[in-house]
Protein chains: 2
Amino acid sequence: MQHSSPSRTTGRPRSAAADEAILEATRAALVDVGWSKLTMGEVATRAGVAKTTLYRRWAGKNELVVDAVAVLFDELELPDRGSLAADIEGVVLQFASLLDRPETKTALMAVVAEATRDEPLRERIRTSIVERQKRLVLVGRARAERRGELPAPADPCVAAAAADLIFDVAAGAVVHRVLVSGEPVDQEWVRRFTALLVGGLAAAAD
Amino acid sequence: MQHSSPSRTTGRPRSAAADEAILEATRAALVDVGWSKLTMGEVATRAGVAKTTLYRRWAGKNELVVDAVAVLFDELELPDRGSLAADIEGVVLQFASLLDRPETKTALMAVVAEATRDEPLRERIRTSIVERQKRLVLVGRARAERRGELPAPADPCVAAAAADLIFDVAAGAVVHRVLVSGEPVDQEWVRRFTALLVGGLAAAAD
DNA sequence: CCAGTTACGCTACGACCCGTAGCGAAAGCT
DNA sequence: AGCTTTCGCTACGGGTCGTAGCGTAACTGG
C-alpha cells in the first residue's frame, strides 16, 4: 500500500551507479548531438543501460536533461573579492563561462521552452536550478551591506522583491547576450554591465 | 544558369496567399499544441496546403516558426511619454504582454535553443527579430538626450556598445522574469526595474 | 495558340524515434 | 529458501520525418 516510499526495504535496489552513468551519458550526448537530436535510445546505449531503465526513472527527455544539467549550476560560487562590483563581475564571468559549455547552451533554453506548456517541468526547473542560485544574490547583498556599500532594506518583503529583480536582470542579461545576441561576455562587457547594475542599486537606495 | 533569381519571369508564380495562410496556420498551431508537438504535416493541413509545398519554401520547422513569429515583434512601439523612465516602462510592458501570448512564449526560447547548433538559423533570428528591435533603444536614447536626461556619448563606438548592453539587459530581464522565474511582469515590477535601469544609466554618465 | 517552365496537390515510401509490454535473470531482503 | 523489485533484452503499433514521383494548374515567350 506504500507505493512511493522514499527508501524501500525489500527487492533489488536501484543501481546508483547507473543513475550517474545515465546523467553523464546525457551530458556527453548533448555535447555531441545537441538537444533536438538527442534521443532516449542513444542515451541508454551510451550509458550501457536498457532503454526501459531510463523510462523507469524519468518520464521523458525533458526531466532527464533538467537533472543532467542542474548539477553543473552548483559549481557557481561567490568568492569575496572586496567590493560589490568585483563580486558581481566574478560571478557574472562564471555564469557566462558555464553558459558557454555546449551542454548547457543547447539544453537550457530548450527545457525552458518546453516548460512553457508543462507546469510540473517548470516547477522542477525552479527547484532544481533557479531557486538554488538565488543564494548568490542574497550572499552578495548581505556582504555589500556589511561593507556599508548598500543600506539594509527596511521591509523584508521589499528585500525579497529586490533580490528577485537583481537575479532576473543579471541572469537574463547574460543569457540574452550569449544566446540571443550571440556575442561574447568578455571583460569589457562585464565591466559595463556591472557599472550599470551597481549604479542602479546605489541610485535605488536613495 | 541563373538559379536563384529573386523574381523569375517564367513559370507559375508562387502563391502569396499560401505564404500568409501557412504563417497564420503556424501561429494558430503554436497556440493549440505548442512547439514540441507542432508538426509540418499539421501546419500543412491547417493551411489547406500540401506538405511538400511547405518544404519547397522552408527548410524545416525552425525556419518556418521564426518567420511566423517575427512579424509579431514589429508591433512594438515607443510612444513619447515625456520622460525616459516613462518611455522604458511603456515599452517593457508592451514586450511583456507580447511574451505572454502563447505563440511567442512557446516558440521564442525553442528557436533560440535550436540556434545554438545552427549558425544559419542564428543569423536568421538576428536579422528577422533581434536587430530590428534595437531601434527602440536607439530611439529612446536619442529622445532622452534631446530632453537633457542623458548626455550625448562622446565616442559613437561606445554608444553602440551601450545600446547593445541596454538591449540585452532589458530584453533579457523581461524574458527571464516571464519564462524562467515564471512570475508576472506587473506594474510594480516594471517600476522597480525601470528605476534600476535609469539609475544605472545616470550613474554611468558621470 | 502552343511549347516551355515552374508551382501545386496528392500518394507512397523507408527511416527513425516513441513509449510500452512481456519475458527470464539478477540482486537484495527476511 | 521464498519474496520482491530491478535489470537487460526483444518486439511491437503508432507517429513524424523528408523525399520521390506523378499528373495537373498557372503563367510566359515565341
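Lettering follows sequence order; numbering is per chain, from 1.
D:dT19 atom C1' lies 14 Å from atom CG of B:Leu54, rounded to whole Å. Between B:Arg12 atom CZ and D:dG23 atom P the separation is 17 Å, expressed in whole Å. One interatomic measurement links the two molecules: CZ of B:Arg56 to P of D:dA20, which rounds to 12 Å at whole-angstrom precision. For the pair A:Trp35 CH2 and C:dC17 P, the computed distance is 15 Å after rounding to whole Å. Atom C1' of nucleotide C:dA26 and atom CZ of A:Arg14 are separated by 16 Å, given to the nearest angstrom. Rounded to whole Å, atom C1' of C:dG19 lies 13 Å from atom NZ of B:Lys37. What separates CG of B:Leu38 from P of D:dC17 is a distance of 8 Å, to the nearest Å. Distance, B:Glu42 CD to D:dG14 C1': 16 Å, rounded to whole Å.
Residue B:Thr53 places at least one side-chain N or O under 4.0 Å from the OP1 or OP2 atom of C:dG9. For the pair B:Thr39 and D:dC17, the criterion of a side-chain N or O lying under 4.0 Å from OP1 or OP2 is met.
For B:Met40, the listed nucleotide lying nearest its side chain is D:dG18; candidates were D:dG18, C:dG28, D:dC9.
Not one N or O on the side chain of B:Lys51 forms a donor-acceptor pair closer than 3.5 Å with the backbone of B:Met40.
The aromatic rings of A:His176 and B:Phe167 sit perpendicular, their planes meeting at an angle over 60°, well past the 30° parallel limit.
For the pair B:Asp32 and B:Arg46, the salt-bridge criterion is met [side-chain N within less than 4.0 Å of a carboxylate O]. A salt bridge links B:Arg147 and B:Asp87; the closest N-O separation between the charged side-chain nitrogens and carboxylate oxygens is under 4.0 Å.
Comparing B:Pro13 and B:Tyr55 along DNA chain D, the residue whose closest nucleotide (by nearest heavy atom) sits nearer the 5' end is B:Tyr55.
A:Thr52 comes within 4.0 angstrom of a nucleotide base, judged by non-hydrogen atoms across all strands.
For C:dG19, the base has a donor-acceptor partner in the side chain of A:Lys51 [N/O atoms by modelled type, under 3.5 angstrom].
A:Trp35 does not carry A:Lys105 over the face of its six-membered ring by the limits of under 6.0 Å from the centre and within 45° of the normal.
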